[in-house]
Asker: 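Would you mind keeping the following structure in view while I ask a few things?
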Amino acid sequence: MIEFVLDGRSKVNTYVQLVQQVKQALRVGLLAPGDQLPKVRDVAQSLAINPNTVLKAYRELEIEGLAEGRPGVGTFITATLARSSLANQAELRAELVDWVRRAQAAGLTAEDITALVATTMRAFPISLQTESA
């Protein structure tokens, strides 16, 4: 099950951060159709946010056709964003984990690493970039 994390310094709305995290999990295969999202009350309590914020995120996922609310049961994933390249992601992720460890050993902070990745991605031709999560 997905565990949400909020970036309090982000200018992105809280509900959008939740939607983005679900989409990222769908893209990398951490969530799949049939999986249940955490209960609204549990997410609200663990993140210390208003339950309506979680409901708004879940409604957005429903509107986009990625989830379905079942009254009294919960919210379930109904679609995936994973592509056929998902099989290659495990190896690529392992390489990325190694790279992040090297970057940390070289003294880079999490913010430094994020900035380096973001600027590197912006340097790629637009045809290689996809919709952000």
Asker: I need the minimum non-hydrogen distance between Ala79 and Gly65, along with the two atoms involved.
Answerer: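 Taking every non-hydrogen atom into account, CB-O, 3.5 Å.
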Asker: Between Thr75 and Ala67, which heavy-atom pair has the shortest distance, and what is it?
Answerer: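 Where Thr75 meets Ala67 most closely, the heavy atoms are CG2-CB, 3.9 Å.
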Asker: Are Ile113 and Trp99 packed together at the side-chain level, in the sense that at least one heavy-atom pair is separated by less than 4.5 angstrom?
Answerer: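 Heavy-atom side-chain distance check passes, below 4.5 Å.
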Asker: Is any side-chain heavy atom of Arg102 closer than 4.5 Å to a side-chain heavy atom of Asp98?
Answerer: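 Yes, close enough: below the 4.5 Å cut-off.
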Asker: To the nearest 0.5 Å, tell me how far Gln21 CD sits from Lys23 NZ.
Answerer: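 Here the interatomic distance stands at 13.0 Å.
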Asker: Taking the side chain as every heavy atom from C-beta outward, state whether Leu55 and Asn50 have any atom pair closer than 4.5 Å.
Answerer: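 No; the side chains remain at least 4.5 Å from each other.
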Asker: In a check of side-chain contact (heavy atoms from CB on, under 4.5 Å) between Leu47 and each of Thr53, Leu6, Val54, which one passes?
Answerer: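 Exactly one candidate clears the test, Leu6.
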Asker: Compare all side-chain heavy atoms of Ser46 with those of Phe4 and state whether any distance is below 4.5 angstrom.
Answerer: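 No - every pair of side-chain heavy atoms lies 4.5 Å or more apart.
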Asker: Have a look at Leu26 and tell me which of Asp35, Leu31, Leu61 forms a side-chain contact (heavy atoms from CB on, under 4.5 Å) with it.
Answerer: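 Among Asp35, Leu31, Leu61, the one meeting side-chain contact (heavy atoms from CB on, under 4.5 Å) with Leu26 is Leu31.
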Asker: So does Arg93 pair up with Glu95, basic N to acidic O under 4.0 Å?
Answerer: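 Not counted as a salt bridge, because no side-chain N and carboxylate O are separated by less than 4.0 Å.
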Asker: Just how far is it from atom CG of Leu30 to atom CD of Glu3, taken to the nearest 0.5 Å?
Answerer: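 Reported to 0.5 Å precision, the distance equals 12.5 Å.
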Asker: What distance separates Gln45 CD from Ile49 CD1, expressed to the nearest 0.5 Å?
Answerer: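 Here the interatomic distance stands at 11.0 Å.
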Asker: Per the salt bridge (charged side-chain N to carboxylate O under 4.0 Å, His left out) rule, what does the pair list look like for residues 4-19, sequence neighbours excluded?
Answerer: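 Residue pairs with at least one partner in residues 4-19: Asp7-Arg9, Arg9-Glu111.
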Asker: Tell me the closest heavy-atom pair linking Ala25 and Ile2, and the distance in Å.
Answerer: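 Shortest heavy-atom separation between Ala25 and Ile2 comes out as CB-CD1, 4.0 Å.
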Asker: Nearest 0.5 Å, what's the CG-NZ distance between Asn13 and Lys56?
Answerer: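 So the CG of Asn13 and the NZ of Lys56 are separated by 6.5 Å.
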Asker: Counting C-beta onward and ignoring hydrogens, is there a side-chain heavy-atom pair between Tyr58 and Val43 closer than 4.5 Å?
Answerer: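 Touching, per the 4.5 Å side-chain cut-off.
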Asker: What heavy-atom pair brings Val73 and Gln36 nearest, and what distance separates the two atoms?
Answerer: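 That closest heavy-atom pairing would be O-NE2, 3.0 Å.
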Asker: Just how far is it from atom CD1 of Ile77 to atom CG of Leu37, taken to the nearest 0.5 Å?
Answerer: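 The CD1 atom of Ile77 sits 4.0 Å away from the CG atom of Leu37.
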Asker: Flag yes if Met121 and Leu116 sit in one hydrophobic cluster, no otherwise; membership is Ile, Leu, Val, Met, Phe, Trp, Tyr, and two members link when side-chain heavy atoms are under 4.5 Å apart.
Answerer: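 Same cluster: Met121 reaches Leu116 through Ile, Leu, Val, Met, Phe, Trp or Tyr contacts under 4.5 Å.
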Asker: So, do Arg41 and Pro51 sit near enough that their side-chain heavy atoms are less than 4.5 Å apart?
Answerer: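 Not in contact.
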Asker: Does Phe76 share a hydrophobic cluster with Val22, counting links as ILVMFWY side-chain heavy atoms below 4.5 Å and allowing steps through other members?
Answerer: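 No, Phe76 and Val22 fall in different hydrophobic clusters.
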Asker: Measure across Val5 and Gln17 and return the closest heavy-atom pair with its distance rounded to 0.1 Å.
Answerer: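 Taking Val5 first and Gln17 second, the nearest heavy atoms are O-OE1, 4.3 Å.
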